[in-house]
K.L.:
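First, the structure itself, so that you have it in front of you.
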Amino acid sequence: MKRRSLLSLLLALCLALSLTACGGGDTAPAASTDDGGSDAPAGGDTITLGMIGPMTGSLAVYGTHVASGVNLAIKEINAAGGVTLGGTTYQLAVETKDDQGDSTECVNAMNALISDGIQLVVGSATSGCTSAITSIANSEGVVLITPSGTADSLTTAMDYVFRTCFRDSFQGELAAQYAKDEGYTKVGIVYCSADTYSAGLRDAFAAACADKGLEVVAEESVATMTEVDYTNQFNKMVSAGAELVFTPFYYDVMGPYLVPQARSAGFSGVLLGADGVDNTETTIPDGADLSVYNDVMFVNHYSTELATSDVSASFVSSYEAEYGESPNNFDALGYDAVYVYKMAMEACGASDAASVQAAMADTSVVYEVSTGTFSFDETGTPIKTGVLMGYSYTEGDAAVSKIAVKTLSLS
């Protein structure tokens, strides 16, 4: 009896170990009851991803577009046969959590996903929220891909946090490069000193200006990203003779407050922001003077007009067929995060976090996705180019137009 019990115990132990090895992807996380519209079939073998973003609140445009990209990628992957690991084919699903653009809610969302057994997460959309959950991802051994969290500090070498966007220091350098290329010599900065995203971009832009010989003639800050009065700041920009002002804010400030107030203060030059400026057109007040949005520019990750690869063309066509409109960069970055997970899982033959993290930490791997072809650097950040976009208005038009200007790279 003792020998039989020992043998049974050893067999059980061997079985358990075999299921946790790299090839043991057959034991995928359990399917979620909330598939977020992923079209994953009920029952069967399913790998459930997590997604966290602001689905409601003032930054909901970010979260809902990331979710659109995530759900489209999952639908495509499932329709093409799913993810094949160790001879078994899995469908994908997603469990979506709303962080409302709030760090505390983001932590709650991450903990809830972990409690549900989720090991691979897409999120969050903002640097502030993502920074609240990176330590959880690392301590719990859960892979986290932020599609649009750009703060440099979010990713460090060989941890569990990755991104499909570029980092703020790169955005800041691209913005300064654009200013130099256009011949500006006197620039200003208006930013939020208390926000991870805004302050990080300010630091990168200012450092790049110093390197490129651009004079920062005035610099002003506000205390919150919800400030509604920028008149004094732009009075000082005008007095200092700034030709271009760097404004690293989100769209919900740019549209109704910062842009019209800058023009009312007499600043007629270029307002240059980063990726958070995208979607400003959705927050322009009814009856506003639309001409003031000319010369509002922003560095971005992706443009349907400038992206020419077959992968990008297929994504745009698929997105337009699914949603009846063109995608923006948040759609594309969320979409890419899912495909990165698929490629990493199939490369290592498993869906557990440790195996997927190891696959993604291989900097020699090349990912061909909608926003371009890239490899991760040693911190889990893509090495890629950017684009310059902006807004244009012609008298008689019913609305401002979002335009793609050119691809940006550092010289």
Side-chain angles (χ1 to χ4, degrees), residues 58-59 61-62 65 171 174-176 178-192 198 201 205 217-220 222 225-300 302-306 325-326 328-330 386-406 408:
S58 62
L59 300 179
V61 168
Y62 296 160
H65 276 283
Q171 283 201 90
L174 289 177
Y178 163 74
K180 180 181 179 180
D181 291 345
E182 294 299 310
Y184 296 108
T185 58
K186 296 182 178 182
V187 301
I189 303 173
V190 178
Y191 75 107
C192 175
S198 189
L201 279 165
F205 179 76
V217 296
E219 182 175 334
E220 294 293 323
V222 295
M225 288 291 273
T226 56
E227 178 61 57
V228 298
D229 187 356
Y230 297 84
T231 304
N232 289 337
Q233 286 78 12
F234 277 94
N235 282 334
K236 293 178 180 178
M237 296 296 119
V238 173
S239 297
E243 303 162 327
L244 172 151
V245 176
F246 186 56
T247 56
F249 288 91
Y250 294 135
Y251 68 99
D252 60 332
V253 161
M254 294 293 292
Y257 307 118
L258 192 148
V259 174
Q261 289 171 15
R263 302 310 189 204
S264 294
F267 181 75
S268 58
V270 170
L271 295 167
L272 177 62
D275 59 336
V277 174
D278 197 7
N279 295 297
T280 288
E281 73 278 9
T282 67
T283 62
I284 297 175
D286 291 340
D289 177 3
L290 300 182
S291 67
V292 305
Y293 296 91
N294 281 317
D295 292 323
V296 175
M297 303 287 186
F298 59 99
V299 177
N300 212 358
Y302 171 81
S303 162
T304 57
E305 293 85 356
L306 298 174
E325 61 182 13
S326 295
N328 66 21
N329 66 303
F330 291 95
V387 298
L388 181 71
M389 301 185 70
Y391 293 99
S392 176
Y393 174 75
T394 301
E395 189 68 33
D397 289 350
V400 300
S401 298
K402 183 157 56 177
I403 58 173
V405 181
K406 62 180 180 178
L408 295 175

K.L.:
Kindly indicate whether the side chain of F205, heavy atoms from C-beta on, has any atom under 4.5 Å from the side chain of I189.
P.N.:
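They are in contact (side-chain heavy atoms under 4.5 Å apart), so the answer is yes.
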
K.L.:
At their closest point, which heavy atom of M297 faces which heavy atom of V405, and how far apart are they?
P.N.:
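Closest heavy-atom pair between M297 and V405: SD-CG2, 4.2 Å.
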
K.L.:
With distance as the sole test, does T247 use its side chain to make a donor-acceptor pair with the main-chain N or O of L271 at under 3.5 Å?
P.N.:
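Looks like no, no N/O pair under 3.5 Å.
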
K.L.:
Is a side-chain donor or acceptor of Y230 paired with a backbone partner of V259 at a separation under 3.5 angstrom?
P.N.:
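No: the side chain of Y230 does not pair with the backbone of V259.
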
K.L.:
If you take all heavy atoms of A175 and L272, which pair is closest and at what distance?
P.N.:
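In this case the closest contact between A175 and L272 is O-CD2, 3.6 Å.
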
K.L.:
Could you check if a side-chain atom of Y257 sits within less than 4.5 angstrom of a side-chain atom of D252, using non-hydrogen atoms only?
P.N.:
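No, their side chains stay 4.5 Å or more apart.
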
K.L.:
Kindly compute the distance separating CZ (F267) from OG (S239), expressed to the nearest 0.5 Å.
P.N.:
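One gets 12.5 Å once the value is rounded to the nearest 0.5 Å.
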
K.L.:
Tell me, with the steps shown, if V299 and Y178 meet side chain to side chain contact (heavy atoms under 4.5 Å, CB included).
P.N.:
CA-CA 9 Å; V299 177; Y178 163 74; over 6 Å; no

K.L.:
Flag the pair D278 / M389 as yes when at least one side-chain heavy-atom distance between them is below 4.5 Å, and no otherwise.
P.N.:
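Of all side-chain heavy-atom pairs linking M389 with D278, none is under 4.5 Å.
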
K.L.:
As an exercise, state the distance from OH of Y191 to CD of E219, rounded to the nearest 0.5 Å.
P.N.:
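Result: 5.0 Å between the selected atoms.
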
K.L.:
Measure the CG-SG distance between L201 and C192 for me, rounded to the nearest 0.5 Å.
P.N.:
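One finds 12.0 Å between CG of L201 and SG of C192.
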
K.L.:
Write down the atom of L244, the atom of A179, and the distance for their closest heavy-atom approach.
P.N.:
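Looks like CD1-CB, 4.2 Å.
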
K.L.:
Could you pull out the closest heavy-atom pair between A218 and M237, with the gap in Å?
P.N.:
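So the minimum-distance heavy-atom pair works out to CB-CE, 3.6 Å.
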
K.L.:
Would you check if E220 and N232 make a side-chain contact, meaning some heavy-atom pair closer than 4.5 Å?
P.N.:
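A side-chain contact is absent here, since even the closest heavy-atom pair is not under 4.5 Å.
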
K.L.:
Return yes if some donor-acceptor pair links the side-chain N/O of T280 with the main-chain N/O of G255 below 3.5 Å, else return no.
P.N.:
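Side chain of T280 to backbone of G255, a donor-acceptor pair under 3.5 Å: no, none is there.
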
K.L.:
Can you list the steps and then say if Y302 with N328 is a side chain to side chain contact (heavy atoms under 4.5 Å, CB included)?
P.N.:
CA-CA 7 Å; Y302 171 81; N328 66 21; over 6 Å; no

K.L.:
Could you walk me through whether N294 and S392 satisfy the side chain to side chain contact (heavy atoms under 4.5 Å, CB included) test, starting with their C-alpha distance in whole Å, then the side-chain angles of each, then the deciding distance to 0.1 Å, before giving a yes or no?
P.N.:
CA-CA 5 Å; N294 281 317; S392 176; 4.0 Å; yes

K.L.:
Which atom names give the shortest non-hydrogen contact between G241 and K186, and what distance separates them?
P.N.:
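Where G241 meets K186 most closely, the heavy atoms are O-CB, 3.9 Å.
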
K.L.:
Is the closest side-chain heavy-atom distance between F330 and V61 below 4.5 Å?
P.N.:
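Not in contact.
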
K.L.:
Should Y250 and M225 be marked as a side chain to side chain contact (heavy atoms under 4.5 Å, CB included) after you check the CA-CA gap, both sets of side-chain angles, and the distance that decides it?
P.N.:
CA-CA 8 Å; Y250 294 135; M225 288 291 273; 3.5 Å; yes

K.L.:
Supply the atom-to-atom distance N279 CG to H65 NE2, rounded to the nearest 0.5 angstrom.
P.N.:
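Reported value, rounded in 0.5 Å steps: 5.5 Å.
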
K.L.:
Is there a donor-acceptor pair under 3.5 Å between the side chain of E227 and the backbone N or O of V253?
P.N.:
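No; zero donor-acceptor contacts below 3.5 Å.
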
K.L.:
With a 4.5 Å cut-off on side-chain heavy atoms, are K402 and F298 touching?
P.N.:
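With C-beta onward as the side chain, the pair touches.
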
K.L.:
Is the OH atom of Y184 crowded by more than 12 outside heavy atoms at less than 6.0 Å?
P.N.:
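Buried by this count: over 12 neighbours within 6.0 Å.
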
K.L.:
Y293 versus E281: any side-chain heavy-atom pair under 4.5 Å?
P.N.:
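Sidechains of E281 and Y293: no contact.
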
K.L.:
What's the separation between atom CD in Q261 and atom CG in D229, rounded to the nearest 0.5 Å?
P.N.:
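Between Q261 CD and D229 CG, I get 5.0 Å after rounding to 0.5 Å.
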
K.L.:
Between A265 and F234, what is the shortest heavy-atom contact and its length?
P.N.:
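Closest heavy-atom pair between A265 and F234: CB-CB, 3.9 Å.
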
K.L.:
CG/N300 to CG/L174 distance, rounded to the nearest 0.5 angstrom?
P.N.:
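With rounding to 0.5 Å, CG (N300) is 11.0 Å from CG (L174).
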
K.L.:
Is any side-chain heavy atom of L290 closer than 4.5 Å to one of D397?
P.N.:
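The answer is no, as the side chains (C-beta and beyond) never meet within the 4.5 Å cut-off.
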
